[in-house]
*Asks:* 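Attaching a single structure in structure tokens format; questions to follow.
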Amino acid sequence: MSIRTLRIGLIPGDGIGKEVIPAGRRLLEALPASLKLKFDFVDLKAGFESFEQTGSALPDATVDVLRNECQGALFGAVSSPTHAVKGYSSPIVALRKRLDLYANVRPVKTVLTAAKPIDMVIVRENTEDLYVKQETTRDTPEGKVAEAIKRISEKASFRIAAMAGDIALRRQKIRESAPSIHSRPLVTITHKSNVLSQTDGLFRTASKQALSDPKYASVAIEEQIVDSMVYKLFRQPEDYDVIVAPNLYGDILSDGAAALVGSLGLVPSANVGEGFAIGEPCHGSAPDIQGKNIANPIATLRSAALMLEFLEEPEAAAKIYAAVDANLEEGKLLSPDLGGKATTDEVVEDILRRL
Ligand SMILES: NC(=O)C1=CN([C@@H]2O[C@H](COP(=O)(O)OP(=O)(O)OC[C@H]3O[C@@H](n4cnc5c(N)ncnc54)[C@H](O)[C@@H]3O)[C@@H](O)[C@H]2O)C=CC1
Ligand SMILES: O=C(O)CCCC(=O)C(=O)O
């Protein structure tokens with residue numbers, strides 16, 4: 001078998017992104033030669049520091065290199081300000097749209113890190129909803145009024161639900177040869193169409209239509225209104241297998257689910273389009289812990305594995321998941337968010353040893 005070389009963009013961004021992305025690079029470089037996989041890395045800029053230095057939070061060069069040269073990328077996190085800054089707009093939100101990375105896949109799983117076993121995947125639509133960021137503010141006799149467009153299209157809703165169905169089938173196949181807490185594949189469609197009957201209503205009907213395809217006949221389909229979804233998710237997280245949600249609800253649900261498994265520092269994601277995937281930890285730039293070498297690198301390491309899964313390298317991905325799980329199961333070298341004392345570097349080294 002010949003060696004496959006993957007060109008991977010590395011975009012640390014800001015804050016702890018600069019600490020966890022080098023860990024992701026080290027991990028990929030340490031994969032065993034028997035996998036016949038090589039990596040060619042290219043360093044790329046994005047984020048608030050890039051904005052301050054170059055005037056652009058997402059330089060065109062970053063998008064061009066990703067689009068024209070790379071098969072995948074690892075993205076750390078960016079420090080987007082919570083107040084409006086003229087000329088600044090979230091680069092990760094823009095990147096997802098510019099590369100049409102229409103799915104944000106977020107597996108949330110316990111390995112002895114929570115009271116209840118949890119094994120779910122949140123499949124979040126990644127290009128529209130309120131994230132189209134078409135906001136306006138106008139003056140009225142009663143004062144300022146701000147409005148934002150929530151765009152939901154049939155096409156994007158249909159394809160994200162189909163992705164959720166495909167993931168449910170893939171997980172079912174994996175379960176045939178491994179123990180699981182789930183007895184059958186299940187997709188839960190999340191929305192608020194009791195109030196937003198047009199936008200979330202369209203998400204609901206398009207999702208149901210996509211999942212009515214006979215190829216998903218073995219998958220149970222249910223729906224859940226997003227507020228009670230949070231309630232049930234927190235009370236019975238073990239019931240959920242695959243959750244499909246519009247962009248904003250998916251973002252919020254996945255941070256909540258991260259709390260259930262013990263830390264945001266554990267939860268990975270992949271931004272997935274046709275033949276391209278960006279691995280990205282679910283967490284942000286964590287300014288409260290940046291520069292201390294205590295950020296949990298596991299979300300990023302798992303994101304690298306998830307990227308490899310979507311680049312058709314399941315064997316390499318499985319090796320990474322197993323090494324991470326072994327680190328968590330032993331529980332000796334854990335970062336402070338999991339109650340341990342290990343530094344980022346110590347956790348990374350322990351996981352590399354186990355590869
Ligand atoms: N994809 C991205 O680039 C994202 C960027 N952000 C940005 O991050 C900045 C900070 O946002 P926050 O709301 O504070 O969310 P955050 O996710 O950065 O941090 C929330 C809490 O989780 C902790 N945490 C996060 N990642 C961790 C890790 N790997 N190990 C240990 N602890 C970890 C932090 O210390 C903090 O207490 C903001 O500027 C926001 O815009 C937020 C979410 C996603
Ligand atoms: O801070 C930013 O620039 C983006 C944060 C958005 C976010 O949490 C997500 O979409 O995953």
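By convention here, the first residue in the shown sequence is residue 1. Counting starts at 1 for both ligands and their atoms, following the listed order. Computation of the quantities below employed the complete heavy-atom set of this structure, encompassing side-chain atoms and omitting hydrogens, waters and symmetry-equivalent molecules.
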*Asks:* In ligand 1, which numbered atoms sit nearer than 4.0 Å to a non-hydrogen atom of Gly265?
*Replies:* 28 (C), 29 (N)

*Asks:* What part of Ile92 sits under 4.0 Å from ligand 2 if we count only heavy atoms: the side chain, the backbone, both or neither?
*Replies:* side chain

*Asks:* Starting from atom 25 (C) of ligand 1, find the nearest protein heavy-atom neighbour and note its residue, name and distance.
*Replies:*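 Its nearest protein heavy-atom neighbour is His283 CB, 3.5 Å.
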
*Asks:* For atom 9 (C) of ligand 1, grab the closest protein heavy atom and report residue, atom and distance to one decimal in Å.
*Replies:*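 Answer for atom 9 (C) of ligand 1: Ser285 OG, 3.3 Å.
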
*Asks:* Looking only at non-hydrogen atoms, which of Gly15, Gly284, Pro281 approaches atom 15 (O) of ligand 1 most closely?
*Replies:*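 When every heavy atom of Gly15, Gly284, Pro281 is considered, Gly284 comes closest to atom 15 (O) of ligand 1.
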
*Asks:* Which residue, Ile225, Leu202, Val226, Asp200, forms the side chain to side chain contact (heavy atoms under 4.5 Å, CB included) with Ser193?
*Replies:* Asp200

*Asks:* Between Arg171 and Asp119, is there a side-chain N and carboxylate O pair less than 4.0 Å apart?
*Replies:* yes

*Asks:* Can you name the atoms of ligand 2, numbered from 1 with element, that are less than 4.0 Å from a heavy atom of Tyr131?
*Replies:* 10 (O)

*Asks:* Just heavy atoms, cut-off under 4.0 Å: does Ile16 contact ligand 1 by side chain, backbone, both, or neither?
*Replies:*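 The side chain, only.
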
*Asks:* Which of the numbered atoms in ligand 1 are below 4.0 angstrom from a heavy atom of Ala295?
*Replies:* 30 (N)

*Asks:* Check Lys150, Arg204, His191 against Leu196 for a side chain to side chain contact (heavy atoms under 4.5 Å, CB included) and give me the one that passes.
*Replies:*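 Output: one option passes, namely Lys150.
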
*Asks:* Distance to 0.1 Å, residue and atom name: give those for the protein heavy atom nearest to atom 21 (C) of ligand 1.
*Replies:*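 Looking at atom 21 (C) of ligand 1, the protein heavy atom closest to it is Leu264 CD1, 4.4 Å.
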
*Asks:* Looking at ligand 2, does any of its N/O atoms fall within less than 3.5 Å of an N/O of Asp251?
*Replies:*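 Between Asp251 and ligand 2 (N or O atoms, distance only) the closest approach is under 3.5 Å.
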
*Asks:* Look at Lys292 together with Glu19 and state whether they make a salt bridge at an N to O cut-off of under 4.0 Å.
*Replies:* no

*Asks:* Quick check on contacts: which atoms of ligand 2 are under 4.0 angstrom from a heavy atom of Arg96?
*Replies:*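 Once the distances to Arg96 are compared, the set is 9 (C), 10 (O), 11 (O).
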
*Asks:* I need the nearest protein heavy-atom contact for atom 3 (O) of ligand 1: residue, atom name and distance, please.
*Replies:*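 The closest heavy atom on the protein side is Val78 N, 2.9 Å.
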
*Asks:* I'd like to know if Glu346 and Lys341 make a salt bridge, using a cut-off of under 4.0 Å between side-chain N and carboxylate O.
*Replies:*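 No, this pair does not count.
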
*Asks:* Does Thr127 offer a backbone N or O that forms a donor-acceptor pair with the side chain of Glu125 under 3.5 Å?
*Replies:*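 Judged by distance alone, yes, a pair lies under 3.5 Å.
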
*Asks:* Atoms of ligand 1 less than 4.0 Å from Ala77 heavy atoms?
*Replies:*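 The atoms of ligand 1 under 4.0 Å from a heavy atom of Ala77 are 3 (O).
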
*Asks:* Taking atom 4 (C) of ligand 2 as the reference point, report whether a protein heavy atom occurs under 4.0 Å from it.
*Replies:* yes

*Asks:* Is the closest basic N to carboxylate O distance between Glu29 and Arg25 below 4.0 Å?
*Replies:*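 Salt bridge: yes.
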
*Asks:* Considering Asn296, Leu266, Asp337, Ile289 one by one, which has a heavy atom nearer to atom 33 (C) of ligand 1 than any of the others?
*Replies:*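 Comparing heavy atoms across Asn296, Leu266, Asp337, Ile289, the nearest one to atom 33 (C) of ligand 1 lies in Ile289.
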
*Asks:* State plainly whether one hydrophobic cluster holds both Leu6 and Ile21, where clusters connect Ile, Leu, Val, Met, Phe, Trp and Tyr through side-chain heavy atoms under 4.5 angstrom apart.
*Replies:* yes

*Asks:* Does the cation-pi check pass for Arg235 over Tyr240, that is, NZ or CZ under 6.0 Å from the six-membered ring centre and within 45° of its axis?
*Replies:* no

*Asks:* Considering the heavy atoms of Ser80, write down every atom of ligand 2 situated less than 4.0 Å from one of them.
*Replies:* 1 (O), 2 (C), 3 (O)

*Asks:* So, does Pro287 sit close enough to ligand 1 that a heavy atom of it is under 4.0 Å from the ligand?
*Replies:*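 Contact present.
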
*Asks:* Determine the sole option in Arg4, Glu313, Glu315 for which the side chain to side chain contact (heavy atoms under 4.5 Å, CB included) test with Leu35 is passed.
*Replies:*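 Among Arg4, Glu313, Glu315, the one that satisfies the side chain to side chain contact (heavy atoms under 4.5 Å, CB included) with Leu35 is Glu315.
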
*Asks:* Side-chain heavy atoms nearer than 4.5 Å, only ILVMFWY residues, links allowed to pass through others: does that put Leu31 and Leu306 together?
*Replies:* no

*Asks:* At less than 4.0 angstrom from any non-hydrogen atom of Ser90, what atoms of ligand 2 do you find?
*Replies:* 2 (C), 3 (O), 4 (C)

*Asks:* For atom 1 (N) of ligand 1, what's the nearest protein heavy-atom neighbour? Residue, atom name and distance, please.
*Replies:*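 Going by distance alone, atom 1 (N) of ligand 1 is nearest to Glu280 OE2, 2.6 Å.
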
*Asks:* May I ask whether His283 places a heavy atom under 4.0 Å from ligand 2?
*Replies:* no

*Asks:* Would you check whether Ser79 reaches within less than 4.0 Å of ligand 1, judged by its heavy atoms?
*Replies:* yes

*Asks:* Hey, does the Lys NZ or Arg CZ of Arg159 hover above the aromatic six-ring of Tyr102, less than 6.0 Å from the centre and inside 45° of the axis?
*Replies:* yes

*Asks:* Compute the shortest N/O to N/O distance between Ala286 and ligand 1 and return yes if it is under 3.5 Å, no if not.
*Replies:* yes

*Asks:* Would you say the side chains of Glu52 and Ser50 form a donor-acceptor pair under 3.5 Å?
*Replies:* no

*Asks:* Does atom 11 (O) of ligand 1 have a protein heavy-atom neighbour under 4.0 Å away?
*Replies:*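 False for atom 11 (O) of ligand 1.
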
*Asks:* Starting from atom 41 (O) of ligand 1, what is the nearest protein heavy atom, named by residue and atom, and what distance separates them?
*Replies:*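 Ranked first by proximity to atom 41 (O) of ligand 1 is Ser80 O, 3.3 Å.
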
*Asks:* Would you tell me whether Lys133 and Ser89 have side-chain atoms, one donor and one acceptor, within less than 3.5 Å of each other?
*Replies:*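 Result is yes, a qualifying pair exists.
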
*Asks:* Would you please say whether a donor-acceptor pair under 3.5 Å links the side chains of Tyr216 and Asp166?
*Replies:* yes

*Asks:* From the options Thr82, Leu338, Asn104, Asp288, select the one whose nearest heavy atom is closest to atom 37 (O) of ligand 1.
*Replies:* Asp288

*Asks:* Heavy-atom distances under 4.0 Å decide this one: backbone, side chain, both or neither, for Arg106 against ligand 2?
*Replies:* side chain

